[in-house]
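Here's the structure, in structure tokens; my notes come after.
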Protein chains: 2
Amino acid sequence: MTEKAILLDSLRKAGLRLTPQRQAICELLAESREHPTAAMIYETLKPRFPSLSLATVYNTLEVLVRLGAVNVLGNAGDGMAHYDADTDPHINLACVSCHKIVDFPSQYVQFLDEEISATSGYRVLGARVLYYGLCPECQQKTSIARKEPDYDHRGNNA
Amino acid sequence: MTEKAILLDSLRKAGLRLTPQRQAICELLAESREHPTAAMIYETLKPRFPSLSLATVYNTLEVLVRLGAVNVLGNAGDGMAHYDADTDPHINLACVSCHKIVDFPSQYVQFLDEEISATSGYRVLGARVLYYGLCPECQQKTSIARKEPDYDHRGNNA
DNA sequence: TATAAAATTAGAATGATTACAGGGAAGAAG
DNA sequence: CTTCTTCCCTGTAATCATTCTAATTTTATA
């Protein structure tokens, strides 16, 4: 089952309607490796859905998060929440300077997941495994330019 | 070295002044197992420092995060960023219903940390290892009351 | 004590996210 | 194909955690 199909299916199973907007948002989430923000999704889809509202994007994301189909990574130094439709155990590496987020696979996360589900007593809905720091490129840039990496705490944050 | 001493030391090493406010914030962060928000820190310290400003709390937290002495966990469903002065590898379990965050020790996080530092090429400044879901108590509550768990995405988030 | 640099403070500004209200579309049933 | 019900979308207003700013106070140093 493709990632998109998984997202659509979780909506269907929850008895929610598969509107064109929701389908487009799911598709974008599934196919993007960008860990998009609500604003990025909105801007990307706006040409195809001129009447699209930011509120719809937020609503859909909220639903998907609540269903456990999408994880909220929180802000990556840009004051906006990033979303990840890949709920397989993996790590996200965020650069606090250029705000990019990349995936980093590790077998240990798999074990972690199983350990928590098995022994914590929590009903796990999602995870936020995010390491933040300076990516290789920005380490070079900042060591040359002596520019401070910026980091804010919104989010919110979060 | 106590956790408080570690925090104060990282300020000192960075050439920053150890003002009474900063010392109090460090002490609270070090001794609390609550993963406090800026607002919680402010409220707790206000009686002892009647002139304390929220801006000071945010400034100090920002400095400590930038120095890698404190991690930002992001919001736990309450729209505010939570902070964690325990930078030893461990997992945070957040309940999206009661907004409490508890620690969960696991040897795998240790391995994870080492793997990332060794092979990712990133200069790691901090981590946000947060699983969210329903804690045992809230699972009971919600299964009785059928009350939806709430979760928002602010960020900020986080 | 005088001086300069760094911190603190109060309050205003910012901006991502949420709440709200009215209008539309989708499905069920006849 | 209509009606009914329910859910969804949209635009806008409101919220509120966080950041910014300018002025004042504290600190370190000599």
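Here is how names work: the chains are called A, B, and so on, in the same order as the sequence lines, proteins then strands, and each is numbered from 1. Below, all heavy atoms of this structure are taken into account, side chains as well, without hydrogens, waters or symmetry copies.
Residues A55(B) and L16(B) both approach DNA chain C. Their nearest nucleotides, taken by heavy-atom distance, put L16(B) toward the 5′ side. The residue among N59(B) and H82(B) whose nearest nucleotide of DNA chain D is located toward the 5' end is H82(B).
To the nearest angstrom, C1' of dT8(C) lies 15 Å from CG of L61(B). Whole-Å rounding puts the Y58(B) OH to dA10(C) C1' distance at 15 Å. The separation between I25(A) atom CD1 and dC8(D) atom P is 13 Å, rounded to whole Å. Separating the CG atom of L52(B) from the C1' atom of dG11(C) is a distance of 15 Å, rounded to the nearest angstrom. Straight-line distance from the CE atom of M80(B) to the P atom of dT18(C): 14 Å, rounded to whole Å. Put simply, CD on E62(B) is 7 Å from P on dT19(D), counting in whole angstrom units. Counting to the nearest Å, the C1' atom of dT21(D) and the CG atom of L54(B) are 16 Å from each other.
Residues in residues 79-97 of chain A take part in no salt bridge (Lys or Arg N to Asp or Glu O under 4.0 Å) pair, two or more places apart or across chains.
Going from atom OG of S53(B) over to atom OH of Y58(B) covers 10.5 Å, rounded to the nearest 0.5 Å. Taking CG of N71(A) as the reference point, atom CG of L64(A) lies at 11.0 Å (rounded to 0.5 Å).
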Please tabulate, for side-chain N and O atoms in residues 38-47 of chain A, each donor-acceptor pair with protein atoms closer than 3.5 Å (sequence neighbours left out).
residue: Y42(A); atom: OH; partner: K46(A); partner atom: NZ; Å: 3.1
residue: T44(A); atom: OG1; partner: M40(A); partner atom: O; Å: 2.7
residue: K46(A); atom: NZ; partner: P50(A); partner atom: O; Å: 3.0
residue: K46(A); atom: NZ; partner: L52(A); partner atom: O; Å: 3.2

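Applying the side chain to side chain contact (heavy atoms under 4.5 Å, CB included) rule to T19(A) yields the partners R17(A), Q21(A), R22(A); only residues at least two apart in sequence or on another chain are considered. I6(B) meets the side chain to side chain contact (heavy atoms under 4.5 Å, CB included) test with M1(B); sequence neighbours excluded. In terms of the side chain to side chain contact (heavy atoms under 4.5 Å, CB included) criterion, residue partners of S32(B) (sequence neighbours excluded) are, by chain and number, L28(B), E34(B), P36(B). Residues meeting the side chain to side chain donor-acceptor pair (under 3.5 Å) test with E114(A), sequence neighbours left out: Q110(A). S51(A) pairs by the side chain to side chain contact (heavy atoms under 4.5 Å, CB included) definition with nothing, not counting sequence neighbours. Residues passing the ring pair (Phe, Tyr, Trp, His ring centres under 6.0 Å) test with Y131(B), sequence neighbours excluded: none. For E27(B), the salt bridge (Lys or Arg N to Asp or Glu O under 4.0 Å) partners two or more places apart in sequence, or in a different chain, are K4(B).
Contact check, T56(B) against dA7(C): no side-chain N or O comes under 4.0 Å of OP1 or OP2. For the pair Q21(B) and dT9(C), the criterion of a side-chain N or O lying under 4.0 Å from OP1 or OP2 is met.
Taken residue by residue, residues 40-51 of chain A places no heavy atom nearer than 4.0 Å to DNA chain C.
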Listed pairs, N/O of protein and of nucleotides 26-30 of chain D, under 3.5 Å:
none

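Between the side chains of N75(B) and H99(B), no donor-acceptor pair of N or O atoms lies under 3.5 Å.
Taking five base pairs at each end of the helix from dT1(C)-dA30(D) to dG30(C)-dC1(D) and finding the rotation axis that steps the C1' atoms of four pairs onto the next four gives two axes whose angle is 40°, to the nearest 10°.
Among dT17(C), dT9(C), dC8(D), the nucleotide with an atom closest to any side-chain atom of A81(A) is dT17(C). Picking from dT17(C), dA17(D), dT10(D) the nucleotide with the shortest atom distance to the side chain of A38(A) gives dT17(C).
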